[in-house]
Amino acid sequence: MSFTSYMDRALDEARAAGDRGEVPVGAVVVSPAGAVIAAAGNRTRELNDPTAHAEMLAIRAACAALGSERLTGHDLYVTLEPCPMCAGAISFARIRRLYYGAGDPKSGGTAHGARVFAHPQCHHVPELYDGIGAEAAEALLKTFFAGKRAD
């Protein structure tokens, strides 16, 4: 069995989010058969919604497309380590595998900060794979925030 990464698609979503003035984070939900079910980038400012993170939007769209509140067997690719809110949603959605790019020491919820999946109250823990496309994801974020500081 060969591994196919969908991080490039998530990075495309992150770039589009950055072009909209959003923090450049992108996410993609992939079916067990390898089909992209949903893809999204951050839209918190556009939608005036603090929950409109890329992961949340992609999970919502995938659940709607499948007519189910669970994404058992599906994988999620996201360019930045999910925050605690998104990690909770990933657990509730029963995502099989989580692949993420850049770590987030300030706001992360999986390897940093709350470490949601390490709590005994966490009902489902996906397989975790970090550092996938990390350099590209970090570069997008650094460029975005450097531009904000210059404004």
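For the numbers below, each heavy atom of this structure counts, side chains included, while hydrogens, waters and symmetry mates do not.
Of all heavy-atom pairs spanning Ala114 and Pro84, the tightest one is CB-CG, 3.8 Å. Taking all atoms of both residues into account, the shortest heavy-atom contact from Cys122 to Val116 is CB-O, 3.5 Å. Taking every heavy atom of both residues into account, Ala54 and Asn42 meet most closely at N-OD1, 2.7 Å.
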Can you give each donor-acceptor pair under 3.5 Å made by side-chain atoms of residues 6-14, sequence neighbours left out, with the distance rounded to 0.1 Å?
from  : atom 1 : to    : atom 2 : distance (Å)
Tyr6  : OH     : Gly34 : O      : 2.6
Asp12 : OD1    : Arg15 : NH1    : 3.0

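Val29 and Phe117 fall within a single hydrophobic cluster, where Ile, Leu, Val, Met, Phe, Trp and Tyr side chains are chained together by heavy-atom contacts under 4.5 Å. Both Tyr99 and Val28 belong to a common hydrophobic cluster when Ile, Leu, Val, Met, Phe, Trp and Tyr are linked at side-chain heavy-atom distances under 4.5 angstrom. In the hydrophobic clustering of ILVMFWY residues, with side-chain heavy atoms under 4.5 Å counting as a link, Ile95 and Tyr100 come out together. Val125 and Val78 fall within the same hydrophobic cluster, where Ile, Leu, Val, Met, Phe, Trp and Tyr residues are linked whenever their side-chain heavy atoms come under 4.5 Å apart, directly or through other members. Taking hydrophobic clusters as Ile, Leu, Val, Met, Phe, Trp and Tyr residues chained together by side-chain heavy-atom distances below 4.5 Å, Leu71 shares a cluster with Leu76.
Within 6.0 Å of the CZ atom in Phe144, the count of heavy atoms belonging to other residues, nucleotides or ligands exceeds 12. Shown here is Arg45, whose CZ atom has no more than 12 heavy atoms of other residues, nucleotides or ligands within 6.0 Å.
Note that CD1 of Ile132 and CG of Leu98 are 10.0 Å apart. Values are rounded to the nearest 0.5 Å. Distance check: Met56 CE to Asp49 CG gives 8.5 Å after rounding to the nearest 0.5 Å. Rounded to the nearest 0.5 Å, atoms CE (Met85) and OG (Ser107) are 11.0 Å apart. To the nearest 0.5 Å, atoms SG (Cys63) and NE2 (His74) are separated by 9.0 Å.
If you check the side chains of Ser68 and Arg94, you find no donor sitting under 3.5 Å from an acceptor.
Applying the salt bridge (charged side-chain N to carboxylate O under 4.0 Å, His left out) definition to pairs two or more places apart or across chains, those involving residues 102-130 are Arg97-Glu127.
Looking at His124, its side chain never comes within 3.5 Å of a backbone N or O of Thr72 through a donor-acceptor pair. Checked by atom type and distance alone, the side chain of Thr79 pairs as donor or acceptor with a backbone atom of Gly26 at under 3.5 Å.
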### Message
Before you tell me yes or no, could you show the steps for Val25 and His53 under side chain to side chain contact (heavy atoms under 4.5 Å, CB included), namely the whole-Å CA-CA distance, both residues' side-chain angles and the distance that decides it to 0.1 Å?
### Response
CA-CA 8 Å; Val25 177; His53 290 195; over 6 Å; no

